[in-house]
Chemist: 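Structure in structure tokens, see below.
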Number of protein chains: 2
Amino acid sequence: MRIGELAEATGTTTKALRFYEEAGLLPSPDRTGTGYRDYPPEIISRLAFIRRSQSAGLTLAQIRGILQIRDGGQAPCEHVQELLRARLSDLDRQIAELKELRGTVAQLQADATTLEPARCDPASVCRYL
Amino acid sequence: MRIGELAEATGTTTKALRFYEEAGLLPSPDRTGTGYRDYPPEIISRLAFIRRSQSAGLTLAQIRGILQIRDGGQAPCEHVQELLRARLSDLDRQIAELKELRGTVAQLQADATTLEPARCDPASVCRYL
DNA sequence: CTTGACCTTCCCCTGCACTGGAAGGTCCAA
DNA sequence: TTGGACCTTCCAGTGCAGGGGAAGGTCAAG
């Protein structure tokens with residue numbers, strides 16, 4: 001199948017497909033006599049995997065790592081487990097950071113709506129921050 | 001004061017100070033006879049404001065907006081209130097998104113540690129994702 | 001035979017907040 | 001006078017995941 005068909009079948013763009021190839025996530029496909037990329041149907045499930053991985057918040061570099069293990073003939077199970085563990089603790093950290101920031105901003109915002117401007121000092125720009 | 005002193009006094013770098021000037025957050029300072037930037041001491045409180053704003057999660061573009069209002073002779077109170085409101089709801093949205101993602105990833109990770117590899121289909125790369 | 005949709009490679013652009021480094025000028029102490 | 005620490009400008013790159021668009025080749029229908 002041609003690149004446009006594949007893009008439509010997988011809900012992505014031809015730009016992204018060429019980019020994935022360049023980035024080592026997709027193998028270089030065969031070419032037709034006139035140089036058009038000619039993909040085998042199996043490539044669709046590979047792209048489905050890429051999309052599932054992305055929606056789990058993995059980066060393309062991490063996904064490439066998994067694919068390389070699989071392409072090397074191994075099962076990437078343990079590597080995937082490790083990535084998921086790391087991703088989870090990273091998410092916990094991010095959420096905690098954002099919650100703390102939310103607390104700070106909420107306080108600033110509360111002050112800003114209840115306190116009177118109270119003679120802002122122009123030199124310090126704004127007393128609400 | 002020279003740029004290096006100012007950088008040290010405010011805990012930033014000379015690179016960042018020149019960048020802020022270029023980005024319109026700092027006014028162009030006077031120059032010495034040989035072209036060195038020569039900052040007045042008041043600039044320190046402006047930089048303190050920039051740092052406070054950054055730690056509240058505002059972007060440099062937003063901070064520039066506030067500074068421009070102040071430099072135009074107005075008090076930026078209302079604008080700041082609006083920015084904080086927007087920032088707060090944006091944080092709430094981000095936190096909700098991350099929590100949802102966390103739920104997904106936690107489920108994937110739980111499956112990955114409890115389920116046996118169970119004949120992964122190499123064509124779909126990894127059954128855990 | 002031409003039109004329009006598709007394909008190719010190529011390079012630059014996006015947002016964010018800087019950082020690194022090169023090439024050259026200046027200041028101060030030994 | 002020399003050396004090192006400072007300063008200047010300018011250009012390029014970082015990470016992330018592509019997007020935009022130019023210049024040109026190809027395919028099928030009318």
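Quick note: numbers below take in every heavy atom, side chains included, and nothing from hydrogens, waters or symmetry partners. Please read these numbers as outputs of a predicted model, since none were measured by experiment. Letters A, B, ... are given to chains in the order of the sequence lines, protein chains preceding strands, and every chain is numbered from 1.
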Chemist: Look at the side-chain N and O atoms of A/Tyr20 and state whether any lies under 4.0 Å from the OP1 or OP2 oxygen of D/dG18.
Modeler: yes

Chemist: Contact class for A/Thr32 vs. all strands (heavy atom < 4.0 Å): base, sugar-phosphate, or nothing?
Modeler: nothing

Chemist: Nearest whole angstrom, please: distance from the P of D/dA17 to the CG of A/Leu47.
Modeler: 15 Å

Chemist: Tell me, do A/Leu26 and A/Leu67 make a side-chain contact under 4.5 Å, heavy atoms counted?
Modeler: no

Chemist: NA contact type, B/Arg2, heavy-atom cut-off 4.0 Å: base, sugar-phosphate, or nothing?
Modeler: sugar-phosphate

Chemist: For atom CD of A/Glu78, decide whether the heavy atoms of other residues, nucleotides or ligands shown that lie under 6.0 angstrom number more than 12.
Modeler: no

Chemist: Report the residue (B/Thr59 or A/Glu5) whose heavy-atom-nearest nucleotide on DNA chain C is the more 5′ of the two.
Modeler: A/Glu5

Chemist: Starting from the 5' end of DNA chain C, give me the residue, A/Thr14 or B/Ala16, whose nearest nucleotide shows up first.
Modeler: A/Thr14

Chemist: Between B/Arg31 and C/dG25, is there a side-chain N or O to OP1/OP2 distance below 4.0 Å?
Modeler: no

Chemist: Indicate whether OP1 or OP2 belonging to C/dC7 is found under 4.0 Å from a side-chain N or O atom of A/Arg37.
Modeler: no

Chemist: Quick one: A/Ile3 CD1 to D/dG19 P, roughly how many Å, whole number?
Modeler: 12 Å

Chemist: In terms of hydrophobic clustering (I, L, V, M, F, W, Y; side-chain heavy atoms under 4.5 Å; direct or indirect links), are A/Leu25 and A/Ile69 co-clustered?
Modeler: no

Chemist: Shorter than 3.5 Å, N or O on both sides, protein versus nucleotides 13-15 of chain D: list them out with atom names.
Modeler:
none

Chemist: What's the closest nucleotide to the B/Tyr36 side chain, out of C/dT9, C/dG25, C/dC18?
Modeler: C/dG25

Chemist: Roughly how many Å is it from CG in B/Leu17 to P in D/dC7, rounded to a whole number?
Modeler: 10 Å

Chemist: Would you mind reading off the distance between A/Glu22 atom CD and D/dC16 atom C1', rounded to a whole angstrom?
Modeler: 16 Å

Chemist: From CZ of A/Phe19 over to P of C/dC12, roughly how many Å is that when rounded to an integer?
Modeler: 17 Å

Chemist: Taking the side chain of A/Gln54 as its heavy atoms from C-beta onward, which of D/dA17, C/dC18, D/dC27 lies nearest to it?
Modeler: D/dA17

Chemist: Backbone N or O of A/Ala23 within a donor-acceptor pair of the A/Arg64 side chain at under 3.5 Å?
Modeler: yes

Chemist: Scan for salt bridge (charged side-chain N to carboxylate O under 4.0 Å, His left out) pairs involving residues 8-23 of chain A, sequence neighbours excluded, and state none if there are none.
Modeler: A/Glu21-A/Arg37

Chemist: So, does A/Arg51 get its side chain near the phosphate of D/dA17, meaning an N or O under 4.0 Å from OP1 or OP2?
Modeler: no

Chemist: If you pin B/Arg18 and A/Lys15 to their nearest nucleotides in DNA chain D, which one's is more 5'?
Modeler: B/Arg18

